Amino acid sequence: MSIRKPDCWVIVGMDEDVHPPEPVDSIEIITDRVDGTGDSLPLAEARNHAAQLSPCNAMVFLDVDCIPSPTMLTEFESAVGQPDHLWMGSPRYLPQNKTAGDWTMNDLAQSAIPHPIQPVIDIGQRQTSTEYEKFWSLCFAVTKQTFGKIGGFNEGFAGYGAEDTDFAFAARDAGVPFGFAGAIAYHQHHAVCKPPLNHFDAIVRNAEQFRRRWKTWPMESWLNAFAEGGFIKFARESESIEVLARPTRQQIEAATVCTPAGF
């Protein structure tokens with residue numbers, strides 16, 4: 001359904017083998033896997049490995065739970081024609097069960113909504129930004145050369161949380177301009193944990209690593225929620241996080257809600 005077909009698909013499985021779809025329109029499909037320690041998914045390593053495997057200079061990264069709009073690739077292709085930039089797409093969030101059964105791209109366009117804290121960028125629009133902290137890695141484009149200039153994702157981050165903000169801050173330090181492109185992708189609904197107690201250990205670990213590197217705390221709203229719940233002792237001026245109690249399975253289940261995923 002994409003107006004512009006990809007020249008190549010690169011699919012990297014994390015802790016599992018990849019079973020790719022049947023080739024479409026003779027598009028090359030490259031697959032591989034990376035394995036973590038078993039405690040956390042190796043997100044940073046998987047994205048770096050995908051970049052290494054890519055035979056193309058212009059690269060689009062899209063999370064597996066996102067559906068590209070028909071114009072997503074053409075919008076990104078136009079954006080990366082401006083060299084040495086990091087471009088985030090424009091994710092839209094779908095309601096529950098929207099992709100169950102028969103649906104059309106028009107159905108998705110009519111029902112999906114933008115995220116409330118991200119700028120609303122429509123097709124044909126681009127907007128540069130100095131707010132590197134708003135970069136999310138679920139949908140973005142960059143050239144292979146610029147990806148290397150940034151240094152790729154820091155593989156010291158494992159599991160969920162802060163690895164994409166670290167990547168964006170590294171782009172800022174490398175002098176790579178950042179912006180938003182009207183490259184729309186539809187994020188499929190799934191239940192989320194608010195706050196994300198299901199990623200508690202990874203968030204605490206990655207937040208401390210981020211603090212050591214950038215002298216500021218990421219994910220403060222989540223850390224404050226953990227503190228309010230009695231799980232950690234945390235303050236913005238502190239240099240570390242004291243874990244008081246880890247969430248139980250019952251507490252994780254109680255915090256799981258069915259709002260649009262990502263909100």
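Remember, it's a predicted structure, so these values are computed and weren't measured experimentally.
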Would you check if the side chain of Thr146 reaches a backbone N or O of Thr143 as a donor-acceptor pair within less than 3.5 Å? no
Go through Ile67 and Leu108 one step at a time and tell me if the side chain to side chain contact (heavy atoms under 4.5 Å, CB included) criterion holds. CA-CA 9 Å; Ile67 300 171; Leu108 304 189; 4.1 Å; yes
Looking only at non-hydrogen atoms, find the nearest pair between Thr248 and Gln251 and report the distance. N-OE1, 2.8 Å
Ile150-Met88 co-clustered via ILVMFWY side chain contacts under 4.5 Å: yes
Gap between atom CD1 of Ile123 and atom OG1 of Thr71 - 0.5 Å precision: 3.5 Å
Under 4.0 Å between a side-chain nitrogen and a carboxylate oxygen: does that hold for Asp84 and Lys149? yes
Are any side-chain N or O atoms of Ser69 and backbone N or O atoms of Ile184, one a donor and one an acceptor, separated by less than 3.5 Å? yes
Proximity of Phe169 and Phe210 rings by center, below 6.0 Å: yes
What do you reckon, are the aromatic ring centroids of Phe135 and Phe180 less than 6.0 Å apart? no
List the atom of Gly230, the atom of Leu244, and the distance in Å for their closest heavy-atom pair. O-CB, 3.6 Å
Shared hydrophobic cluster for Leu41 and Ile203 (ILVMFWY, side-chain gaps under 4.5 Å): no
Name the residue from Arg212, Arg211, Lys215 that meets the salt bridge (Lys or Arg N to Asp or Glu O under 4.0 Å) definition with Glu239. Arg211
If you round to the nearest 0.5 Å, how far is CE of Met14 from CD of Glu45? 10.5 Å
Atom of Pro195, atom of Phe226 and distance for their closest heavy-atom approach: CB-CE2, 3.8 Å
Would you call Asp63 and Arg47 a salt bridge, taking side-chain N to carboxylate O under 4.0 Å as the test? yes
Can you tell me if Trp217 uses its side chain to pair, donor with acceptor, with the backbone of Ser238 under 3.5 Å? yes
Can you tell me if Tyr132 has over 12 outside heavy atoms packed within less than 6.0 Å of its OH? yes
Students often mix this up, so state it plainly: with edges at 30° and 60°, are the rings of Phe167 and Phe140 parallel, tilted or perpendicular? tilted
Face-on cation placement of Arg92 at Tyr186 ring, 6.0 Å and 45° thresholds: no
Minimum heavy-atom distance Gly159-Asn206, with the two atoms named: O-ND2, 3.7 Å
Are Ser90 and Met72 close enough that some pair of their side-chain heavy atoms sits under 4.5 Å apart? no
Tell me whether the centres of the aromatic rings in Tyr93 and His115 are closer together than 6.0 Å. yes
Specify whether Tyr160 and His199 have parallel, tilted or perpendicular ring planes, treating 30° as the upper limit for parallel and 60° as the lower limit for perpendicular. parallel
Would you call Phe61 and Phe76 a side-chain contact if the rule is heavy atoms closer than 4.5 Å? no
Distance-only, no hydrogens or angles: does the Asp166 side chain make a donor-acceptor pair with backbone N or O of Glu163 under 3.5 Å? no
Counting N and O atoms only, with roles assigned by atom type, does the side chain of Arg205 sit under 3.5 Å from a partner on the main chain of Ala158, one being a donor and the other an acceptor? yes
Where does the angle between the aromatic ring planes of His85 and Trp87 fall among parallel (under 30°), tilted (30 to 60°) and perpendicular (over 60°)? parallel
Between Trp136 and Phe178, is there a shared hydrophobic cluster once you connect ILVMFWY residues whose side-chain heavy atoms come closer than 4.5 Å? yes
What I'd like to find out is whether the side chain of Ile241 reaches to under 4.5 Å of the side chain of Lys233, using heavy atoms alone. no
State, yes or no, whether a side-chain contact exists between Phe231 and Val243 at a heavy-atom distance under 4.5 Å. no
Is there a path of hydrophobic side-chain contacts, each under 4.5 Å between heavy atoms of I, L, V, M, F, W or Y residues, that connects Leu53 with Leu43? yes
